[in-house]
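Residue numbers begin at 1 in each chain, while the letters A, B, ... track the order of the sequences.
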2 protein chains.
Amino acid sequence: MFSTGHYLILSSLSRNGPESRSELALRLGMSKAAVSSLVRDLLKQEILCEQTPVHGSGRPSVPLAVRAEAAWFIGISLQDDPAIVVLTDLHGTVHDRMELPRHADLETCVSSLCDAITHLRKGLRSAKVSGVGMALPGFVANDRQTCLACAALGWRDVDIGGVLSKRTGLPTWIENDANALILGEQLFGALRSSPDFSVIFISNGIGCANIVNGRLLRGYAGGAGEMSHAPIVTDMAHALPCRCGNRGCLETVASLLAIGNAARRAGLPGEIAELARLAAGAHPEALSILHHAGASMGLATAHLIQLIDPSHVVVMLDPNLRDGIYGHALQRETESHILRRPVSRGMIQFRDFEPDSFACGAASLAARYFIFGPDGV
Amino acid sequence: MFSTGHYLILSSLSRNGPESRSELALRLGMSKAAVSSLVRDLLKQEILCEQTPVHGSGRPSVPLAVRAEAAWFIGISLQDDPAIVVLTDLHGTVHDRMELPRHADLETCVSSLCDAITHLRKGLRSAKVSGVGMALPGFVANDRQTCLACAALGWRDVDIGGVLSKRTGLPTWIENDANALILGEQLFGALRSSPDFSVIFISNGIGCANIVNGRLLRGYAGGAGEMSHAPIVTDMAHALPCRCGNRGCLETVASLLAIGNAARRAGLPGEIAELARLAAGAHPEALSILHHAGASMGLATAHLIQLIDPSHVVVMLDPNLRDGIYGHALQRETESHILRRPVSRGMIQFRDFEPDSFACGAASLAARYFIFGPDGV
DNA sequence: GTCAATAGTTTATATTATGAACTATGTTGA
DNA sequence: TCAACATAGTTCATAATATAAACTATTGAC
């Protein structure tokens, strides 16, 4: 259908925003003739549209933009219960969403998801959905169809992608939660033009993913970005045992679960909002717990920055954590342990943890295929 | 001269070893006709050669190999004094070498290097040198020609590559020491077919570089792999100040310099061989110093493995360190802090620290251009 | 109103890969 | 020994894709 050239145009416009044919030719190192011809095809297919001309000296240039309504995608997040299903356009904007109970049983799970997808597709009338993406907390095989292991759902070697694909008739991609998040950020987010950035999210667990050289850093065994079990507490007298078998892992101190546990051990409420309120009121024990957690997170972040050198680190977390001592400790500890760089201001970007983020990231998995093509990154 | 296709063939053969035209076509996803034609050109240019046919059922296949003598390269290491200049072939084999005093003065430095290069070229008779690579301890600009900063030589914004290139008439590439090392390993070494591996070297300082998705991980500001200032000693009572301004950096405990300093503070000899001998004789202080150093190195390595997930980590160090408690502590501490993976045996590969390694890596910078072409990675 | 400047198109052509038929060179087994 | 088969590699007509250079289009500026 489309050639590599078409996808080059499409991905450049998606990444760098609207540009004229001449600018595209310059950026992509192609001839104006080639761009002209490729753009013609994409306009005819109504995937691109021409924006109002920009006047300078000489003939005005016509910025070309990717049409948001050119394609629609379904994104599913099994990150939490309830599961979330969203319908997005080609810009990543959510047009409709549903929440449904998350079932561990494969058959029930697929059935309820398919019902939701059917319902969302109906709302679209004539327009077509191009693909489905799913994010889940666990390991996913290289084929991006099979879930190798998911503790939360008790899955092992579950071909959830294949089953979904067969039932919906739509191409389907599966991805680990953190990976889906960062891929969504890369395709739709503010950092989309940066080839080197990282995303960390802090919820009950801690997730992390990295874009490096413009591509997702997966690593040899798909385990890259696993900061959650970074050995942070090295003082073995205080290191708590972790479910991974080691002691002192980051997630034993810095995750919501760990903070809640620490609070309850100290006789404080395990609710994060409550604890943050206490800390804001200068409650010494609450302050200590949150400071230790945030500083540990900061130490791990410093390791990440030193090793991977991203332009930005997006940290998604509960606003209660962000605005209090946890966020401050995180930022201070990170900055005090990295080598000063020319630009380190605003390197850490806090962002609210929103439940739809994972579903949006999931939808982006399918959108990537549309934008980058079959050989795309 | 050559097209993308030619470079595809050349880099595949270089990376995956000799293969027949049919195998190449399969691996590269090209038609047999295309491969046949491209190979014909490369044979005519005497860059490839045909090996003895392999018999199976049907017509024997003819493995094609990159001819070592097809191109020659100069590699320069300014890592230590004396500087080292090597002449390598297209397989990375050193055919000749020279050592010369390392001059900080640009003019003197370039002059003596040019003399050495001229001498090495003479030994080649008719054959031509295709390019020059240089490795130095410091920061190098994106153009791979300019040294931005080099503490050892006191250089700032020195266009050493441009000057060398002008004087020798040869294309020249400059690279940071660790980067040159891993790029050499990727082109010529045993791990050349792995797209995800890391190299660490431990000398007076500590260097680290990573290949990720088949490409060098440079990071946003070119600072990726900077493990030398990883915050390892978090117990501030014992954290030593580092030249970077922070305290407790890895290099304040695990480098040769740090070990020597610690030994001298304890009234022991600062020589690494001496110290290792003492430790082998169960000298408690020597053991303690080396164990602490090795374990710290292991902790940092564990962070690296968790975040980047390489298939292998090559650790280059003094044999005295490798065989004693330092090496053991490094390995044990690393393995105890990483999540178990299906294949973790032999993940850490110790290798002797050889002075020519950097110069070979430097030569590989020029060889890359020959093998991967102008658009190559 | 002409000219300079830049955007975009047309068209003939060059480059590069492909598919399918063909040749080459062996092994296998009656 | 020789036909049958299997696989490797080549040839050649063709398709796909990009290019260069000349062209048209559309404006601002003087």
Item to check | Distance, rounded to the nearest Å, where B:Leu43 contributes CG and D:dG9 contributes P | outcome: 11 Å
Item to check | Set of side chain to side chain contact (heavy atoms under 4.5 Å, CB included) partners for A:Ala190, sequence neighbours left out | outcome: none
Checklist entry - By salt bridge (Lys or Arg N to Asp or Glu O under 4.0 Å), which residues pair with B:Arg144, not counting sequence neighbours? => result none
Item to check | Nucleotide C:dT16, atom C1' - distance to CG of B:Leu28 in whole Å | outcome: 15 Å
Checklist outcome for this item: Protein-proximity profile, nucleotides 25-30 of chain C, B/S/- by nucleotide at the 4.0 Å heavy-atom cutoff, equals BBS---
Checklist entry - Touch check for A:Val62, heavy atoms < 4.0 angstrom, all strands: base, sugar-phosphate only, or nothing? => result sugar-phosphate
Checklist entry - Is it true that a side-chain atom of A:Asp89 and a backbone atom of A:Trp72 form a donor plus acceptor pair closer than 3.5 Å? => result no
Donor-acceptor pairs are to be reported for all side-chain atoms of residues 366-377 of chain A against protein atoms at under 3.5 Å, with residues two or more places apart or in another chain.
| unit_1 | atom_1 | unit_2 | atom_2 | d |
| --- | --- | --- | --- | --- |
| A:Arg368 | NH1 | A:Gln186 | OE1 | 3.2 |
| A:Arg368 | NH2 | A:Gln186 | OE1 | 3.1 |
| A:Arg368 | NH2 | A:Val377 | O | 3.2 |

Next on the checklist: Among residues at least two apart in sequence or on other chains, which ones pass side chain to side chain contact (heavy atoms under 4.5 Å, CB included) with B:Asn176?
Outcome noted: B:Ala178, B:Asn179
Checklist outcome for this item: Atom CD of A:Gln51 and atom P of C:dG8 are separated, to the nearest Å, by 12 Å
Next on the checklist: Tell me every residue that passes salt bridge (Lys or Arg N to Asp or Glu O under 4.0 Å) with A:Glu23, counting only those two or more places apart in sequence or in another chain.
Outcome noted: none
Next on the checklist: Applying side-chain hydrogen bond (donor to acceptor under 3.5 Å, both in side chains) as the test, list every pair that has at least one member in residues 48-63 of chain A; sequence neighbours left out.
Outcome noted: A:Arg21-A:Glu50
Checklist entry - Which residues pass the salt bridge (Lys or Arg N to Asp or Glu O under 4.0 Å) test with A:Arg121, sequence neighbours left out? => result none
Item to check | B:Arg40 CZ - D:dA8 P separation (whole Å) | outcome: 18 Å
Checklist entry - Side chains of A:Asn210 and A:Ser198: do they bring a donor and an acceptor to under 3.5 Å? => result yes
Checklist entry - salt bridge (Lys or Arg N to Asp or Glu O under 4.0 Å): which pairs involve residues 27-44 of chain A, sequence neighbours left out? => result A:Glu19-A:Arg27
Between the protein and nucleotides 16-20 of chain D, are there any N/O to N/O pairs under 3.5 Å, and if so, what are the atom names and distances?
| unit_1 | atom_1 | unit_2 | atom_2 | d |
| --- | --- | --- | --- | --- |
| D:dT19 | OP2 | A:Ser31 | N | 2.7 |
| D:dT19 | OP2 | A:Ser31 | OG | 2.7 |

Item to check | Proximity to DNA chain D (any heavy atom under 4.0 Å), residues of residues 15-23 of chain B only | outcome: B:Ser20, B:Arg21, B:Ser22
Item to check | Counterpart residues, salt bridge (Lys or Arg N to Asp or Glu O under 4.0 Å), relative to B:Arg192 (two or more places apart) | outcome: none
Next on the checklist: Output the rounded distance in Å from CD (A:Glu50) to C1' (C:dG8).
Outcome noted: 10 Å
